[in-house]
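To keep things clear, I will list the structure first and then write my remarks on it.
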Amino acid sequence: MRRHIPLVIIILFFTRCKSDNSVLTDVNHFPSYPSASGIEYYNHKFYIIGDDATHLLILDSSLVISDSIRLFEGVERKIPKDIKPDLESVSLTDDSRLLLLGSGSKAPYRYKGWLIDPNKKSKDSLRLDTFYQRLLLSGINELNIEGATAIPGHFVLSSRGSKG
């Protein structure tokens with residue numbers, strides 16, 4: 001969990017700054033949430049996903065927990081490391097849905113994703129086996145997607161480097 005705290009603090013710093021002279025004034029801790037790997041801002045809300053979390057956390061613009069969307073049943077708070085989906089990224093699509101991607105580092109557990117409509121709180125699970133296999137066949141020896149962002153007409157994926 002602690003490895004994700006700097007990411008959240010840095011992102012919150014940049015989203016909360018009101019001018020070039022701003023300083024970080026608020027740090028919020030959420031002890032009930034196991035980790036924070038990805039964050040997206042949409043419609044005055046922050047959407048946070050953790051690589052071992054069972055639900056998508058929703059914060060209001062004051063960084064107060066306002067809601068959540070349950071993704072995985074049967075696990076109370078934290079998904080065990082050996083079977084976690086490793087959801088490391090969340091990105092807003094052109095049609096205002098949230099795309100959550102598993103890292104792809106361990107089949108079949110991390111070959112999953114979600115497409116979530118934050119307005120309706122509806123969710124669709126995604127099987128990413130074919131997509132991740134194509135990435136591996138394209139020359140990426142060890143897949144480990146840690147970030148994603150949408151730019152007009154494209155997605156940019158960030159895969160963490162490895163010894164290979």
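Below, each value reflects all heavy atoms present in this structure, side chains not excepted, and no hydrogens, waters or symmetry copies.
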Response to the item:
Smallest heavy-atom separation, Tyr42 atom then Tyr47 atom, equals O-CE1, 3.7 Å

Discussion item. Can a donor-acceptor pair be found, under 3.5 Å and without considering hydrogens, that links the side chain of Tyr132 to the backbone of Gly102?
Written reply: yes

Discussion item. Does Leu126 form a side-chain contact (heavy atoms from CB on, under 4.5 Å) with Phe131? I'd like the steps, not just the answer.
Written reply: CA-CA 11 Å; Leu126 304 172; Phe131 176 65; over 6 Å; no

Fill in: Sidechain-backbone polar pair: Glu146 side chain, Arg160 backbone, donor-acceptor under 3.5 Å
no

Discussion item. For the backbone of His55 and the side chain of Tyr33, can you confirm whether one donor and one acceptor N or O come within less than 3.5 Å of each other?
Written reply: yes

Item to complete: Kindly indicate whether the side chain of Lys84, heavy atoms from C-beta on, has any atom under 4.5 Å from the side chain of Asp86.
Response: yes

Discussion item. Run the side-chain hydrogen bond (donor to acceptor under 3.5 Å, both in side chains) test against Ser122 and tell me which residues pass, sequence neighbours left out.
Written reply: none

Fill in: Interatomic spacing from CD1 in Ile48 to OG in Ser68 - rounded to 0.5 Å
12.0 Å

Discussion item. As an exercise, state the distance from CG of Leu63 to NZ of Lys45, rounded to the nearest 0.5 Å.
Written reply: 14.0 Å

Worksheet item: Glu40 and Ser91: side-chain contact (heavy atoms from CB on, under 4.5 Å), yes or no, with the steps?
Response: CA-CA 6 Å; Glu40 182 65 75; Ser91 182; 4.3 Å; yes

Practice prompt. Verify side-chain contact (heavy atoms from CB on, under 4.5 Å) between Thr130 and Gln133, making sure each step is shown before the conclusion.
Written response: CA-CA 5 Å; Thr130 302; Gln133 287 301 319; 5.8 Å; no

Worksheet item: If you look at every heavy atom in Ser89 and Ala148, which pair is closest and at what distance?
Response: CB-N, 3.5 Å

Practice prompt. Kindly work out whether a path of hydrophobic side-chain contacts (I/L/V/M/F/W/Y, heavy atoms less than 4.5 Å apart) joins Ile69 to Leu87.
Written response: yes

Fill in: Reported CD-to-CG distance for the pair Glu88 and Asp52, which is rounded to 0.5 angstrom
9.0 Å

Worksheet entry | Inter-residue atom distance Leu100.CG - Ser37.OG, 0.5 Å rounding | 10.0 Å

Worksheet entry | Cluster overlap Tyr111 with Phe72, hydrophobic side-chain contacts below 4.5 Å | no

Worksheet item: Can you list every salt bridge (charged side-chain N to carboxylate O under 4.0 Å, His left out) pair that touches residues 53-70, not counting sequence neighbours?
Response: Asp67-Lys121, Arg70-Glu73

Worksheet item: Quick one: does Thr93's side chain have a donor or acceptor within less than 3.5 Å of a partner on Leu98's backbone?
Response: no

Worksheet item: Closest heavy-atom contact between Leu59 and Ser66?
Response: C-OG, 3.9 Å

Discussion item. Could you see if Leu101 belongs to whatever hydrophobic cluster contains Ile39? Use Ile, Leu, Val, Met, Phe, Trp, Tyr and a side-chain cutoff under 4.5 Å.
Written reply: no

Worksheet item: Between Phe155 and Ala150, what is the shortest heavy-atom contact and its length?
Response: CE2-CB, 3.7 Å

Worksheet entry | hydrophobic_cluster_shared for Leu115 and Ile145, side chain cutoff 4.5 Å | yes

Discussion item. According to a hydrophobic-cluster definition based on side-chain heavy atoms being under 4.5 Å apart (Ile, Leu, Val, Met, Phe, Trp, Tyr only), do Leu92 and Val90 belong together?
Written reply: yes

Item to complete: Could you verify whether a donor N or O on one side chain and an acceptor N or O on the other, from Ser103 and Arg110, lie under 3.5 Å apart?
Response: no

Worksheet item: Is there a side-chain contact between Pro85 and Tyr109, using heavy atoms and a 4.5 Å cut-off?
Response: no

Worksheet, complete the sentence: Only one of Thr54, Asp51, Leu71 passes side chain to side chain contact (heavy atoms under 4.5 Å, CB included) with Ile79, and that residue is Thr54

Worksheet item: Can you tell me how far the CG atom of Leu135 sits from the CD1 atom of Ile140, to the nearest 0.5 Å?
Response: 5.0 Å

Worksheet item: Lys106 side chain to Asp82 main-chain N or O, any donor-acceptor pair under 3.5 Å?
Response: yes

Worksheet item: If you measure from CG on Asp94 to NE2 on His154, what distance do you get to the nearest 0.5 Å?
Response: 11.0 Å

